[in-house]
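Remarks on the structure that follows.
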Amino acid sequence: MQATSFAQSLVFLTLAVMTIGLAVFTITRTNPVAAVMSLVGTFVGLAGIYASLSAHFLAIMQMAVYAGAIMVLFIFVVMILNRDDVAPISWRGIASRSIGVVATAWAFAFVTLIVVRAVSPAGAPGKVAGSPEIAKLLGLPPEIDASFGSVKSIGHGLFTEYVFPFEAISVLLLVAIVGGLVVSRSAKQEQHAESVAERDKAMREQIRPSSILGETADEADAAHSHAGGHH
Amino acid sequence: MPPTLTPGDTTKMPTTYYLLLSFALFVVGTAGVLLRRNALIVLMGIELQLNAGNLAFVAFSRAIGNDSGQVFTFFIIALAAAEAAVGLAILVGLYRQQQTVNLDEARLMRG
């Protein structure tokens with residue numbers, strides 16, 4: 001296994017400092033546009049880190065979906081609201097909020113440690129991973145095939161083993177589209193939609209009595225049997 | 001036998017570094033969610049938290065040499081898109097009704 005080279009360390013450090021620095025910049029800005037722009041920078045740095053982890057497809061997805069689509073959505077909302085008079089930080093209950101940040105950080109670290117223990121290759125079945133296995137997992141990553149993280153490999157996973165979650169995500173996106181439209185419409189649009197629905201309902205009620213197929217068929221049947229009885 | 005990458009093509013940084021970066025990103029995102037009161041910035045903090053989780057997924061996926069973790073990251077990206085769409089729609093609805101995006105002023109449910 002090859003050791004970390006200077007160039008690799010330099011790339012990682014640059015991307016890591018860019019990611020964290022711009023993330024801190026994001027949550028400290030009072031101007032929402034500056035916050036959105038630094039968030040875009042954070043995502044670009046993360047895309048670089050994904051690429052350095054051999055996740056090339058994900059790096060492209062990160063750029064297209066996050067830096068492209070989601071951030072454009074944020075910019076649109078900033079334009080619609082166009083307000084920057086919100087207090088940057090709230091001092092109401094700042095102590096409990098800070099404790100919340102520390103507690104959440106602790107929980108994240110705790111879960112990460114559990115995952116590290118769980119995915120470390122244990123020697124025998126049922127054996128808890130010891131420190132050598134954990135050190136191996138946390139050390140330099142193993143050699144991988146050239147197909148690792150390629151579109152072909154990810155796509156194969158998506159359409160075989162994970163096809164159900166894939167379809168579930170498409171339903172989720174549909175629900176999100178409808179939900180977004182319903183939640184964000186104005187009171188006027190809501191009234192209009194309701195009046196159209198009422199009108200449709202009234203029209204259906206009016207049409208119903210004479211033209212339901214089942215009823216006319218029953219009447220025809222009854223007339224036929226009546227005629228047969230006469231013979 | 002499938003072709004292997006020549007040494008040096010991929011990063012040979014220890015996984016610990018990526019996990020530490022993920023942790024730092026998560027803490028920054030949490031601080032944004034809990035300390036800021038502008039609903040837009042809070043949503044951005046949630047995005048940062050999701051990305052920290054994604055980074056941990058990708059780092060573990062690389063560490064054990066199995067790219068299922070990247071499929072999950074793909075799902076989380078789609079989920080984040082849905083979350084941003086609905087979250088921003090709620091934000092626009094909140095602004096329509098209350099003329100504010102300050103979470104301390106939005107107290108319709110006495111929160």
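Below, chains carry the letters A, B, ... as their sequence lines are ordered, and counting in each starts from 1. Atoms considered below: every heavy atom in the structure, side chains included; atoms not considered: hydrogens, waters and symmetry mates.
Looking at B:L19, only its side chain comes within 4.5 Å of chain A, counting heavy atoms on both sides. The contact between B:L48 and chain A is made entirely by side chain atoms (from C-beta outward), counting heavy-atom distances below 4.5 Å. The parts of A:V24 that come within reach of chain B are both its backbone and its side chain, each placing non-hydrogen atoms under 4.5 angstrom from that chain. Only the side chain of A:L39 has a heavy atom closer than 4.5 Å to any heavy atom of chain B. Heavy atoms of A:I154 lying under 4.5 Å from chain B belong to its backbone as well as its side chain. Contacts between A:F57 and chain B at a heavy-atom distance below 4.5 Å involve the side chain alone, from C-beta outward. A:F74 touches chain B through backbone and side chain together, each having a heavy atom under 4.5 Å away. With a 4.5 angstrom heavy-atom cutoff, A:V102 does not touch chain B via any of its atoms. Using a 4.5 Å cut-off between heavy atoms, A:A16 touches chain B through backbone and side chain atoms alike.
B:D67 places a side-chain N or O within donor-acceptor distance of the main-chain N or O of A:G149, the cut-off being under 3.5 Å. In this structure a side-chain-to-backbone donor-acceptor pair under 3.5 Å is present from B:R36 to A:R29.
Within the 4.5 Å cutoff, the side chain of B:I77 has heavy atoms near those of the A:Q62 side chain.
By number of non-hydrogen pairs under 4.5 angstrom with chain B, the leading residue of A:G180, A:P165, A:S96, A:G100 is A:P165. With chain B as the partner, the residue from A:V36, A:V11, A:V175 showing the most heavy-atom pairs under 4.5 Å is A:V36. Your options are A:L173, A:V101, A:T42, and the one with the most heavy-atom pairs under 4.5 Å with chain B is A:V101. Among A:G157, A:A109, A:G179, the residue with the largest count of heavy-atom pairs under 4.5 Å with chain B is A:A109. In terms of heavy-atom pairs under 4.5 angstrom with chain B, the leader among A:T26, A:L58, A:V183 is A:L58. Ranked by heavy-atom pairs shorter than 4.5 Å toward chain B, the options A:I80, A:L158, A:V65 are led by A:L158.
Between B:E83 atom CD and A:L172 atom CG the span is 10.5 Å, to the nearest 0.5 Å. Expressed to the nearest 0.5 Å, how far CD of B:Q49 lies from CZ of A:F108 amounts to 9.0 Å. One distance of note links CD1 of A:I169 with CZ of B:F74; it measures 8.5 Å at 0.5 Å rounding.
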Legend entry - Verdict with supporting geometry, A:S98 and B:L35, side chain to side chain contact (heavy atoms under 4.5 Å, CB included): CA-CA 7 Å; A:S98 306; B:L35 300 181; 4.3 Å; yes
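Between A:L53 and B:Q70, the closest heavy-atom pair is O-NE2, 4.5 Å. Heavy-atom minimum distance, A:I20 versus B:L25: CD1-N, 3.7 Å.
Classified by interplanar angle (parallel below 30°, tilted 30° to 60°, perpendicular above 60°), the ring pair B:F75/A:Y162 is perpendicular.
Counting heavy-atom neighbours within 6.0 Å of B:Y17 OH, excluding the residue itself, gives a total of 12 or less.
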